[in-house]
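First comes the structure, then the notes that go with it.
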Amino acid sequence: MSALEAPVTALKGIGEALAAKLVRLGVASVADLLFHLPLRYQDRTHVTPIATLRAGLEAVVEGEVAASEVVQGRRRSLLVRLRDGSGILSLRFFHFSPAQQQQFRPGTRVRAFGEARAGATGLELYHPEYRLLGGAAPPVEDHLTPIYPTTEGLHQSRLRALVEQALAQLDDDPQALPDWLPEALRARFDLPELHHCLAVLHRPPPDIDPELLASGRHPASRRLALEELLAHHLSLREVRLRIQADGAPALPAGRGLQARFLTQLPFSLTGAQRRVLDEIAADLARTTPMLRLVQGDVGSGKTVVAAMAALAAIAGDCQAAMMAPTEILAEQHYRTFQAWFAPLGIEVAWLSGKLKGKVRLDAKAAILDGRARMVVGTHALFQGDVHFQRLGLAIIDEQHRFGVHQRLALREKGEAGGLTPHQLVMTATPIPRTLAMSAYADLDVSVIDELPPGRTPVTTVAVPDERRPEVVARIRHACAEGRQAYWVCTLIEESEVLQCQAAEATRDELAEALPELAIGLVHGRMKATEKAAVMDAFKAGELDLLVATTVIEVGVDVPNASLMIIENPERLGLSQLHQLRGRVGRGSTESYCVLLYHGPLSAHSRERLSVMRETTDGFRIAEKDLELRGPGEVLGTRQTGLAQMKIADLERDADLLERVASLADALLASRPEASRPLIRRWLGEEAGRYGQV
Ligand code: ADP
Ligand code: MG
């Protein structure tokens, strides 16, 4: 073990108490201190003439005390007037001792550091750090002063001294912290050397570009950010390798079952669905576990693809499980699968967190003894008390709602049977390719890039809420013609309670304005059975208008609904709007989406709504979303652990993400042994866990 890998307690003056504080900062080893980077810097490398100071600037000034007095303002304070050749300013102390008062005799030379503010006497430094100068002035700092993120009870100067100790150890033994990126690779990707980066960031030279440094765009920061992204990427690849080292049941296409299923479907598959199914079939036929992401726009028909894959598992004498992120979506899938599979003699089980008592026990028993060949549910499927007889395929719908760990947890479910299940992950969030390669490095990607025929594109209009009566008239008109409509309520507050209340109020108001219509309401606080009853009634055409919170966002399928009103669309992200809008335009009638906004709109909101008006292409919308909100938001924060990064910032470093996959390829080709230590360096213990789940 190198000295840098030692726990921080190996450093001078660090006991258990201090070590515990450091742990709060994510610092356990001496090397961790090196990667604990400053938040910002102070420039104490030169003395600033008083005349050139501006409010808001932090600076070192030096001068002679012209006068000092205790003044009675709103608060009593000690005011010291300090003069240099260029001008005069005040140092102001609200807390001061009599001894301090004595120090500032006229003529005394003082050097002070602080932030200049516009005060009662002109520019003032409040509670500056200062020292009295005797004879010759001591030299100023030779590099910028780092300000580290710290924690309660750990003083900045203490932390700084600890980092200095770690840097000194590194200077003594540069080999102790290897640069895992070989020189040839650094040259090719134009990356500075690791030690140089750390030195620059902990002790920036005075002539460094301060803007570049502050914005995190200095080559030294960029190199570390790239290395961190690389480590995450490598860990995902590692996960993939470990999973694929296990055996999976070979599931050749279950021709008979699948063919019977297809003949009972009221439509034939699109070319894109068939192509993706071929890719899946090839994976399933192998004895290494499939790890595949199917990306397909809202309404592209991912559920049928999932069903076909499930049938391959079932024909191969295994069980298949499908997990969806919300109760309402999971339940809809359950009913779809039941309708599809019951005629084939396949028992479908349902499991959700809300399922209790005997029903739950029965479901679990059917899953364990293998009666249930197909299981649909929410993340309740992950729970420790759920055991499968022989899980061959795990399908995860709307992947963007789940984290990588949840996804990996499903793997364990097959292990009782001695196999690792194949995994099929489905998402409607189109992820630009380069991003997908980094964020989903553990998955192969298939794309359903074609919508089923007969869909009519949705016409989208933006209408200010003053014109609400017109919109209501439009609903009346559409429903009079036998069509159905959605009214979606959104609320800024995260509070589900408020959101549901708002939806109830809207329902009442619309019921009054449209007495001739049958109006239903669904929101997140209703019981699953209540929600299901309302959705069923809407699907059966017994309700004309469905008022809903954003719970209908994913997966609800009612082809006769051809009008959707989204209230306050400016509160939602583009991808979410796109998902919502995808609920209409599923039948053959021309469909409309009305974005009923509350003006005045910011330029940003206006731009987003106009994107929605201009295109229904999910891919373009996702790209625009990425541009406007950044990848962190688009992918969802829980995504791949990419949100918990130390240095990299997905928004700022989006362009680095694009280089990660090729950098990883190059590294694995030239120095494969670097992968593990890099993962450990950046993900720490986490890395171990990734592999185990
Ligand atoms: P998503 O990809 O958003 O999950 P779904 O699987 O819910 O889409 O499919 C949307 C609708 O399109 C469903 O009613 C489904 O039955 C129908 N559908 C799927 N594939 C086809 C097809 N090839 N032809 C016609 N309709 C289809
Ligand atoms: Mg779906």
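For ligands, and for the atoms within them, numbers begin at 1 and follow the listed sequence.
For Thr506 (side chain) and Ala502 (main-chain N/O), a donor-acceptor pair under 3.5 Å exists by modelled atom type.
Not a single N or O atom of Trp340, backbone or side chain, sits closer than 3.5 Å to an N or O atom of ligand 1. For ligand 1, the polar-atom distance check against Pro453 finds no nitrogen or oxygen pair separated by under 3.5 Å. Between Gly301 and ligand 1, at least one N/O pair is under 3.5 Å apart.
At a 4.0 Å heavy-atom cut-off, ligand 1 touches Gln273 through the side chain alone. Within the 4.0 Å heavy-atom criterion, the part of Asp297 lying near ligand 1 is the backbone and not the side chain.
Both the sub-6.0 Å distance and the 45° axial angle are satisfied by Arg474 relative to the ring of Tyr592.
For Ser268, the heavy-atom gap to ligand 1 drops under 4.0 angstrom. The shortest heavy-atom distance from Ser300 to ligand 1 is under 4.0 Å.
Counting atoms of ligand 1 from 1 in the listed order, those under 4.0 Å from a heavy atom of Thr270 are 23 (N). Short contacts between ligand 1 and Leu269, defined as distances under 4.0 Å to a heavy atom of the residue, involve ligand atoms 23 (N).
Under a 4.0 Å N-O distance rule, the pair Arg390/Asp317 does not qualify as a salt bridge. Between Arg274 and Glu450 no salt bridge is recorded (no basic side-chain N to carboxylate O distance below 4.0 Å).
Closest heavy-atom contact between Pro289 and Thr420: CG-CG2, 3.7 Å.
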